There are 2 protein chains.
Amino acid sequence: MDQRQALAAFGALSQETRLHIIRMLVVSGPDGMAAGSIAERAEVSPSNVSFHLKELERAGLITQQRESRSIIYTANYEALGGLIRFLMEDCCGGNAEICAPAAAVAACCAPATKEELQ
Amino acid sequence: MDQRQALAAFGALSQETRLHIIRMLVVSGPDGMAAGSIAERAEVSPSNVSFHLKELERAGLITQQRESRSIIYTANYEALGGLIRFLMEDCCGGNAEICAPAAAVAACCAPATKEELQ
DNA sequence: TCAACGATTCAAGGATTATTGAAATATGGA
DNA sequence: TCCATATTTCAATAATCCTTGAATCGTTGA
């Protein structure tokens, strides 16, 4: 994730509807969600959700794939992880004071990485 | 850090000049930098830097404090850490797949938090 | 008090982004 | 083929954001 991508990602996440969409897609995992379901649960019009989905895709945070009549959108976990990493490393310079709370979260949710601490 | 603050912070970081300013302020630490120095190093006009500094302050990412004729801006480490935490917890749901790369960074830059893993 | 310095505020403009509803596209089934 | 479904695209409008330069404000030292 370079600065260009990070700027786009921050812009994409700075809008309420889009942040809501990302959260839903993260929760729904690899199965993703159809555009219509997203629109329904986010309570926005089809054309409006399409606009925001395009924006999220342009930022690399989600991907799409047609499944019969529906278009399924899926969160790009790699990009989201990359953004967190960008924020910690490139933006905050790996500063311990800033990263500490993140490390605490990481300890809780990603036990697999404990090995990397040896 | 609640969603309202996170949205503002994402918006603040989605602009090249502002991202540049944050990086400089993180590096300069508690000493911070005067508005004039920031403008000079970011190569933008005084009024323009003032506009962006106000935006960053509104988002809670920096604080200001007058020092004689200068106004010194300082990065708010707590807010930056809070944003990373928001991204990991609230937005990404603590999903291990997403948080893994962050945990790897945390392992390198914040050894003090190792204790929290016991 | 006055001039100079460091910075902000303001108004105007240009540029980008968001919302809306109508029209167009693609797919699947009768 | 024709219709219904799922979604996108388009054009128009509204809203927000960025940039610029001139004017203003607060501080310091002569």
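In the text below, chain A, chain B and the rest are named by the order of the sequence lines, each starting its count at 1. Since we're looking at a predicted model, the values are computed, not measured.
Look at CD1 on A/I21: it is 13 Å from P on D/dT7, rounded to the nearest Å. The interatomic distance linking B/E55 (CD) with D/dT19 (P) rounds to 11 Å, in whole Å. Regarding B/L56, its CG atom lies at a distance of 13 Å from the P atom of D/dC17, rounded to whole Å. Atom P of nucleotide D/dT16 and atom CZ of B/R18 are separated by 15 Å, given to the nearest angstrom. The distance between atom CG of B/L7 and atom P of D/dC17, rounded to the nearest whole Å, is 12 Å. Across the protein-nucleic acid pair, B/K54 atom NZ and D/dT19 atom P stand 14 Å apart, rounded to whole Å.
At a threshold of 4.5 Å between non-hydrogen side-chain atoms, the residues A/R23 and B/Q3 count as touching. Residues A/L61 and A/L13 meet the side-chain proximity criterion, which asks for heavy atoms closer than 4.5 Å. Side-chain contact between B/C91 and A/V26 is absent, with no heavy atoms from C-beta onward closer than 4.5 Å. Using a 4.5 Å cut-off on side-chain heavy atoms (C-beta onward), B/N76 and B/I62 make no contact.
A/R18 places a side-chain N or O within 3.5 Å of a backbone atom of A/A12 that can act as its donor or acceptor partner. Checking side-chain atoms of B/E67 against main-chain N and O of B/S70 turns up no donor-acceptor pair under 3.5 Å.
Nucleic acid contact for B/Q15: sugar-phosphate only, since backbone atoms but no base atoms lie under 4.0 Å from a heavy atom of the residue. B/S70 comes within 4.0 angstrom of sugar-phosphate atoms only, judged by non-hydrogen atoms across all strands, and of no base. When heavy atoms are screened at a 4.0 angstrom cut-off, B/A34 is found touching the sugar-phosphate backbone but no base atom.
Listed by first and then second residue, the salt bridge (Lys or Arg N to Asp or Glu O under 4.0 Å) pairs involving residues 74-95 of chain B are B/R85-B/E89 (not counting sequence neighbours).
Regarding contacts with the backbone of D/dC17, every side-chain N or O of B/H52 stays at 4.0 angstrom or more from both OP1 and OP2. For D/dA6, the OP1/OP2 oxygens have no side-chain nitrogen or oxygen of A/Y73 closer than 4.0 Å.
Between the side chains of A/E97 and B/Y77, no donor-acceptor pair of N or O atoms lies under 3.5 Å.
Of all nucleotides in DNA chain C, those with any atom nearer than 4.0 Å to a heavy atom of chain A start and finish, going 5' to 3', at C/dA18 to C/dG28.
The residue among A/R58 and B/I71 whose nearest nucleotide of DNA chain C is located toward the 5' end is B/I71.
Every residue two or more places apart in sequence or in another chain that forms a side chain to side chain donor-acceptor pair (under 3.5 Å) with B/R58 is listed here: B/E55.
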For residues 29-51 of chain A, tabulate all N or O donor-acceptor pairs below 3.5 Å that involve a side-chain atom, not counting sequence neighbours.
residue	atom	partner	partner atom	Å
A/S45	OG	A/N48	N	3.1

*List the steps, then state whether side-chain contact (heavy atoms from CB on, under 4.5 Å) holds for A/Q64 with A/I72.*
CA-CA 6 Å; A/Q64 66 166 195; A/I72 308 293; over 6 Å; no
*In B/S/- notation, 5' to 3', how is nucleotides 21-30 of chain D contacted by protein heavy atoms closer than 4.0 Å?*
BB---BBB--
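Counting only Watson-Crick and G-U wobble pairs whose two distances sit under 3.5 Å, DNA chain C takes part in these stems of three or more pairs: C:1-12 with D:19-30, C:14-30 with D:1-17.
No option in B/L87, B/L80, B/I84 other than B/I84 meets the side-chain contact (heavy atoms from CB on, under 4.5 Å) test with A/M88.
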